[in-house]
Amino acid sequence: QVQLVESGGGLVQAGGSLRLSCAASGLTLSSHHMAWFRQAPGKEREFVAVNSRWSGGTTYYSDSVKGRFVISRDSAKNTVYLQMNVLKPEDTALYYCAAKTGALPYATHSSRYAYDYWGQGTQVTVSS
């Protein structure tokens, strides 16, 4: 059974940093495209970042986090990370880890519906 478990969320001040972790079990992380999404109250779940298997590993970010967030993976630990820097109040959301088995067409990489597995989420709250 595949499980993705996020951790590392919390309350931080604007301008601060957090590192989220996603521990995977029941799947081989190195063979999956891994992504982070987030969802604020009353809003749709939105794409944040993906660490793909395209050409051995390619990362893409939403415009809102580009230059501030970094997605990475440690295959030996079967864990994906999201380093979040220069946090803003608008980053406040429940952050989800997601995994995709097999192909991930470029046109669908930012769609929540493209992914096969999801974690339970970890809350990030940024105060000003």
Side-chain angles (χ1 to χ4, degrees):
Q1 180 65 46
V2 172
Q3 284 194 311
L4 303 175
V5 181
E6 303 96 332
S7 62
L11 174 64
V12 298
Q13 287 227 94
S17 298
L18 282 175
R19 187 173 79 158
L20 306 183
S21 298
C22 173
S25 61
L27 63 80
T28 302
L29 192 67
S30 60
S31 67
H32 285 71
H33 310 278
M34 303 298 298
W36 288 93
F37 285 73
R38 66 188 182 186
Q39 187 167 20
K43 300 186 68 176
E44 297 293 319
R45 192 169 301 186
E46 67 175 3
F47 170 77
V48 176
V50 62
N51 182 278
S52 75
R53 297 290 83 190
W54 303 322
S55 300
T58 305
T59 59
Y60 285 90
Y61 300 88
S62 68
D63 289 340
S64 61
V65 308
K66 195 174 300 180
R68 299 188 297 121
F69 291 11
V70 177
I71 185 172
S72 62
R73 69 172 74 200
D74 186 336
S75 294
K77 296 181 178 179
N78 237 35
T79 300
V80 173
Y81 303 97
L82 184 68
Q83 178 66 47
M84 305 185 295
N85 302 313
V86 197
L87 283 161
K88 305 175 180 180
E90 51 262 46
D91 295 318
T92 295
L94 191 64
Y95 282 71
Y96 295 92
C97 177
K100 175 68 172 70
T101 302
L104 180 65
Y106 177 80
T108 68
H109 76 273
S110 62
S111 172
R112 63 180 292 186
Y113 303 107
Y115 295 84
D116 301 310
Y117 307 107
W118 294 86
Q120 82 290 345
T122 186
Q123 179 67 37
V124 172
T125 303
V126 184
S127 65
S128 59

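For the single chain, residues carry numbers from 1 onward in sequence order. Values below: all heavy atoms of this structure, side chains included; hydrogens, waters and symmetry mates excluded.
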If you group Ile, Leu, Val, Met, Phe, Trp and Tyr by side-chain heavy-atom gaps below 4.5 Å, do Trp36 and Leu27 land in one group?
yes
Ala93 versus Ala40, closest heavy-atom pair with distance:
CB-N, 3.9 Å
Applying side chain to side chain donor-acceptor pair (under 3.5 Å) as the test, list every pair that has at least one member in residues 107-121; sequence neighbours left out.
Glu6-Gln120
Between the side chains of Asp63 and Lys66, is the shortest nitrogen-to-carboxylate-oxygen separation below 4.0 Å, so that they form an ion pair?
yes
Any pair counted as side chain to side chain donor-acceptor pair (under 3.5 Å), so long as it reaches residues 9-29, sequence neighbours left out:
Ser17-Asn85
From Ile71 CD1 over to Met84 CE, what is the distance, rounded to the nearest 0.5 angstrom?
12.0 Å
Flag yes if more than 12 heavy atoms outside Glu46 fall under 6.0 Å of its CD atom; otherwise flag no.
yes
Straight-line distance of Thr58 OG1 to His33 NE2, nearest 0.5 Å:
10.0 Å
To the closest 0.5 Å, what do you measure between CZ (Arg73) and OG (Ser30)?
7.5 Å
Using the rule given for side chain to side chain contact (heavy atoms under 4.5 Å, CB included), can you reason through Val70 versus Tyr61, listing the C-alpha separation, both sets of side-chain angles and the distance that settles it, and then say yes or no?
CA-CA 8 Å; Val70 177; Tyr61 300 88; 3.8 Å; yes
I'd like to know if the side chain of Trp54 and the backbone of Leu104 have a donor-acceptor N/O pair within less than 3.5 Å.
yes
Considering all heavy atoms, the nearest Thr122-Gly9 contact:
OG1-N, 3.2 Å
Measuring from atom CD of Gln83 to atom CG of Leu18, what distance do you get when rounded to the nearest 0.5 angstrom?
8.5 Å
Given the side-chain rings of Tyr60 and Tyr106, with only the six-membered ring counted for Trp, is the space between their centroids under 6.0 Å?
yes
For Ala24 and Leu29, work out which heavy atoms get closest and say how close.
CB-CD1, 4.3 Å
Nearest 0.5 Å please: distance from the CG atom of Leu82 over to the CZ atom of Arg38.
9.5 Å
Side-chain heavy atoms nearer than 4.5 Å, only ILVMFWY residues, links allowed to pass through others: does that put Tyr96 and Leu20 together?
no
Measuring from Thr92:OG1 to Glu90:CD, what's the distance to the nearest 0.5 Å?
8.5 Å
So, the side chain of Arg68 versus the backbone of Val86: is there a donor-acceptor pair under 3.5 Å, distance only?
yes
Spell out, yes or no, whether Val80 and Val65 are grouped together once hydrophobic residues are joined by side-chain heavy atoms under 4.5 Å, including indirect joins.
yes
In terms of ring plane angle, is the pair Phe69 and Tyr95 parallel, tilted or perpendicular, where the classes change at 30° and 60°?
tilted
Under 4.5 Å between side-chain heavy atoms, counting indirect links through other Ile/Leu/Val/Met/Phe/Trp/Tyr residues: same cluster for Val48 and Leu87 or not?
yes
